[in-house]
Every structure is written in C-alpha cells, then in structure tokens.
Amino acid sequence: MPRKIHPTKKYGGTISVPGDKSIGHRAALLSILSKGDIKIINFPRNADCLRSLEAARAFGVRVSEQDGIMRLSPPETLTIAPDTLIECGNSATTARLLFGIIAGSNLTVTLSGDDSLSRRPMARVIEPLSAMGAEVFSKENKLPVKISGKKLLPFDYELPIPSAQVKSAVLLAGLASSCSVNVREKTITRDHTEIMLEQLGEGVEVREIKPVMVQDPVDPRKKKMHMPESFKKEIRITSQTRVNGGTVDIPGDFSTAAFFMAGAAVSKKTITIENVGLNPTRTGFLDYLRAAGCKVEITEKRTVSGELRGSVTVTGGELKARKIAGDSVVELIDEIPALSVVAAFADGTTVIRDAGELRAKESDRLEAITENLKLMGVKCGVLEDGLAIEGRRELTAADFKSFGDHRIAMAFSVASLFLIGPSSIDNPDIVEISCPGFYSLLDKVTA
Ligand code: S3P
C-alpha cells in the first residue's frame with residue numbers, strides 16, 4: 001500500500017541511524033574466511049545485510065548473540081552442502097563479494113537474486129574471477145550464476161571501473177585461495193574491505209600514491225604537480241594473508257544519514273546525526289552540501305575499528321546549483337538520489353556527469369529520479385551519464401514511484417515533506433533493504 005506523506009513545518013533534532021550497510025556485509029562475509037570468531041557491535045539488521053548473514057550460515061558459520069553483540073564463529077573447514085543455492089535477494093554486495101569467496105574456495109555454489117538483482121551486470125566480477133581460474137556458468141553474465149571454485153592463479157589487476165564490490169571480490173578470491181592478488185585503482189573507491197582486512201587480519205599492504213612536485217618541462221623555473229604512477233592506490237595480499245578474527249564496531253550509515261541531511265538542507269533547519277561513519281571515501285555529499293550553501297559541522301571525530309566516525313550537524317541555507325563530475329562522483333554515488341532532491345530546491349541548474357553507474361543500481365536511478373522530479377514540477381533532463389536539474393522554490397505534491405529501489409523511496413519521501421499538498425510513495429516497505437526504521441526516524445525529525 002502506498003504511504004501518504006504530509007508537508008511539515010517542523011524539521012530537525014538529533015538522531016542516530018542504523019549501522020553501515022557496506023561494513024555490515026563485509027563483517028558477515030569475512031567470517032566465512034576467518035580463522036577465529038568475529039564479534040560485531042551494531043550489526044545492521046536490514047534486508048540486505050541479513051542476506052549476507054544467511055550466506056555466512058550456509059557456509060557453516062555459527063551465529064550467536066549476547067548483550068547485543070553478535071558473534072560469528074567460522075567452521076573448522078570450509079564446506080557447503082552440494083548444489084547449494086544462495087538467494088541474495090536485492091543485494092548486489094552480497095552477490096558480488098560471495099562470487100569472490102566461492103571462486104577462491106574448492107566449492108560449487110549457485111547464486112540467485114530478485115528481479116532487480118537478476119538484471120544487474122555481473123560481467124564485472126565474472127571476467128576477473130574467470131581470468132584467475134574460477135569456472136562460472138551464467139546466461140548473459142546475469143544471475144542466477146553457478147560458480148565452481150578452484151585453486152586460483154596469482155593476479156595483478158587494474159580495476160576497469162571504479163567499483164568497491166569488484167575490488168572486494170578479487171581480494172576475497174585471493175584470500176580464499178591463498179594466492180597473491182594486487183589490485184590497482186585509478187579512482188579510489190570505498191575502502192572498507194582493506195580496512196577490515198587490516199583490522200582483523202595480517203598481511204595486507206595498502207599503498208596510496210600521492211602527487212609530487214616536479215620541475216615543469218616547459219618552464220624550468222616553475223614546478224608542477226605530477227602523479228608518479230598511472231593509478232592512485234594499490235592493495236596487495238599474498239598467500240600468507242589471513243583473517244584472524246576480532247571485533248568490528250559499525251558506525252551509523254552515512255548513506256542513510258544523507259537523506260536526513262537533505263531534509264535539513266531543503267527546510268533550512270538544523271539536524272544532527274550522531275555516531276555516523278565519516279570514511280572519506282563516502283562523504284562527498286558533505287562537500288556538496290557545503291558548496292551548495294549549507295553549514296556543516298563535525299564534532300566528536302574518532303576512529304573505531306579503523307573507521308572514522310563522528311557527529312554531523314547540517315544547517316540548510318540559500319541553496320545554489322553546483323556541478324558534480326569526475327572522480328568525486330564515486331564519493332557520493334549512493335547519495336545522488338538525496339542530492340537530486342536538494343538540487344530540486346536550489347537556485348540554478350545542477351549538472352551531474354560521470355554518473356552512468358547509476359543506471360546499473362537497484363533501479364536505473366537516472367530515469368527514476370527524472371520521472372519523480374518531473375512529477376514535482378521540476379525540469380529535469382536525463383543525460384547518458386547524468387542529470388541536469390533546474391531548481392525551483394514551490395514544488396507540488398505527487399504520487400511518487402519507488403521503482404523497487406530503497407534509496408529512491410527514501411529520497412522522495414523526504415522531498416514529500418516540503419511540497420505543496422500531501423504526496424504518496426508506492427512500496428514504502430522497500431526502505432527495509434537498508435533502513436527498516438526509516439519512517440519512524442522521519443516521524444521523529446518532523447515531530
Ligand atoms: C558498495 C559499493 C558501491 C555502492 C554500493 C555498495 C559496497 O557499488 O554503490 O551501494 O558496499 O561495496 P559499486 O561497487 O558497484 O561501485
């Protein structure tokens with residue numbers, strides 16, 4: 001049933017959001033390859049992370065809980081029942097990370113997904129894992145896929161697309177097969193996998209390449225910045241790399257928090273989100289908010305389990321349009337639905353480029369955002385790799401479509417709070433993919 005959402009005059013307060021989905025997946029799935037127990041504080045019980053937890057159970061991981069702390073106890077030896085099918089639901093992170101784990105194990109497993117996940121591209125993991133020696137059977141590189149793990153070959157790989165899921169799949173394949181893997185990134189993607197491997201294990205080497213000052217060949221009196229390598233980051237594991245186990249304390253999910261920050265930006269009010277993840281590979285949305293005219297304050301900054309976290313306070317201001325393009329898009333890729341809602345209320349035309357990946361998310365997000373913005377009365381042009389959004393002050397209520405996509409549902413639920421008249425969102429339960437308590441939090445910030 002669609003959910004009605006009424007406009008509000010009240011907005012703000014202090015909240016915390018559930019644990020980070022990306023980190024939750026990794027903590028659950030790494031338990032499959034760990035030598036010792038992994039304890040997880042603040043595991044997010046959203047539908048996606050529960051898929052990863054179920055997958056870990058299928059590999060024999062025992063799950064117990066005491067005093068709110070989850071304990072994942074890996075099996076002595078990695079086995080799985082013959083012909084096991086693991087249902088990944090809507091979760092691409094579950095599927096693509098499992099690809100790596102299975103490819104590097106001596107096991108045969110079939111992965112399947114819901115309609116949305118079955119449409120999403122898997123060639124990005126199938127190609128490198130096949131090159132390492134895994135056998136993969138699929139129709140047109142989509143789920144369902146049968147993977148026959150093998151003893152893999154050492155692998156040296158430069159990511160052809162900036163994808164943390166692909167990076168993680170290749171690293172986990174190496175870890176499962178005890179073979180060396182060297183992954184290079186031209187664009188730095190979220191680094192939760194390498195952080196967790198460093199925290200829970202040994203034998204991971206991460207090298208970030210920084211630009212250096214060199215003499216300008218054209219004018220030797222001048223100096224200029226130069227990248228000494230053609231890539232920005234390199235992650236190496238070897239046959240000795242292992243996960244020993246330990247504790248992972250998960251911060252609030254920045255990508256969920258972003259929807260509540262967007263509400264503050266649009267309403268010109270103030271919201272504080274406590275204990276939220278601030279990993280710099282994830283927080284490009286804060287830079288956008290500042291550039292668009294909001295005030296952003298960060299307090300209580302600290303590192304826990306290798307991940308930066310803190311409290312973020314956002315106060316909305318006079319919003320102006322910005323251009324978002326290039327490498328920085330990766331740092332806010334999941335926030336573009338929230339960003340588009342802010343852009344709809346900004347002065348001028350916000351242009352987003354280099355975001356073609358949005359077509360391969362839970363929905364074609366470029367089309368989904370455009371369709372919903374148009375319903376509100378916003379002029380929005382859809383480009384091959386982005387959007388052009390012409391902001392307006394007074395926007396009308398609408399019956400929004402979620403397109404079966406949790407982030408589209410959350411973005412347009414927040415937009416609905418600031419439109420003229422009551423709106424509705426179809427399939428509101430889809431928010432459970434990443435944030436089951438989303439509507440209670442929305443009630444709290446508008447009470
Ligand atoms: C994720 C990586 C990103 C992101 C997704 C979660 C992860 O996808 O958009 O929501 O947890 O590794 P890509 O790897 O496809 O860029």
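On a predicted model such as this, the values are computed, not experimentally measured, just so you know. For ligands, and for the atoms within them, numbers begin at 1 and follow the listed sequence. Values reported hereafter were calculated over all heavy atoms of this structure, with side chains retained and with hydrogens, waters and symmetry mates removed. Each residue takes its place number in the sequence, starting with 1.
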Ser177 (side chain) donor-acceptor with Cys179 (main chain) under 3.5 angstrom:
no

The protein heavy atom nearest to atom 11 (O) of ligand 1 is Ser22 OG, 2.7 Å

Value for OG1 (Thr110) from CD (Glu87), rounded to nearest 0.5 Å, stands at 11.5 Å

Arg184 NZ/CZ over Phe231 ring centroid, <6.0 Å and within 45° of normal:
yes

Does at least one non-hydrogen atom of His25 fall below 4.0 angstrom from an atom of ligand 1?
no

So, 4.0 Å and heavy atoms of Lys361: is ligand 1 close enough to count as a contact?
yes

Does ligand 1 come near enough to Val166 that some N or O of the ligand is less than 3.5 Å from an N or O of the residue?
no

Criterion side chain to side chain contact (heavy atoms under 4.5 Å, CB included) on Thr446 and Leu417, from CA distance to verdict
CA-CA 9 Å; Thr446 53; Leu417 298 173; 3.8 Å; yes

Around atom 14 (O) of ligand 1, find the nearest protein heavy atom and jot down its residue, atom name and distance.
Ser163 OG, 2.7 Å

Under 4.0 Å from a heavy atom of Pro162: which atoms of ligand 1 are those, numbered in the order shown and with their elements?
16 (O)

Are Phe260 and Phe438 close enough that their ring centers fall under 6.0 Å?
yes

Between Glu185 and Lys167, does any side-chain N to carboxylate O distance fall below 4.0 Å?
yes

Compute the minimum heavy-atom distance from Ser255 to ligand 1 and say whether it is under 4.0 Å.
no

Is the side chain of Ser34 donor-acceptor paired with the backbone N or O of Leu30 at a distance under 3.5 Å, no angle test?
no

Looking at atom 12 (O) of ligand 1, what's its closest protein heavy atom, distance included?
Arg26 NH2, 2.6 Å

Among Asp253, Asn46, Asp48, find the one that has a side-chain hydrogen bond (donor to acceptor under 3.5 Å, both in side chains) with Lys21.
Asp48

Specify side chain, backbone, both or neither for Lys21, according to which of its non-hydrogen atoms lie closer than 4.0 Å to ligand 1.
neither

Note the single closest protein heavy atom to atom 10 (O) of ligand 1, along with its residue, its atom name and the distance in Å.
Asp334 OD2, 2.7 Å

Looking only at protein heavy atoms, which one is nearest to atom 1 (C) of ligand 1, and what is the separation?
Gln165 NE2, 3.6 Å

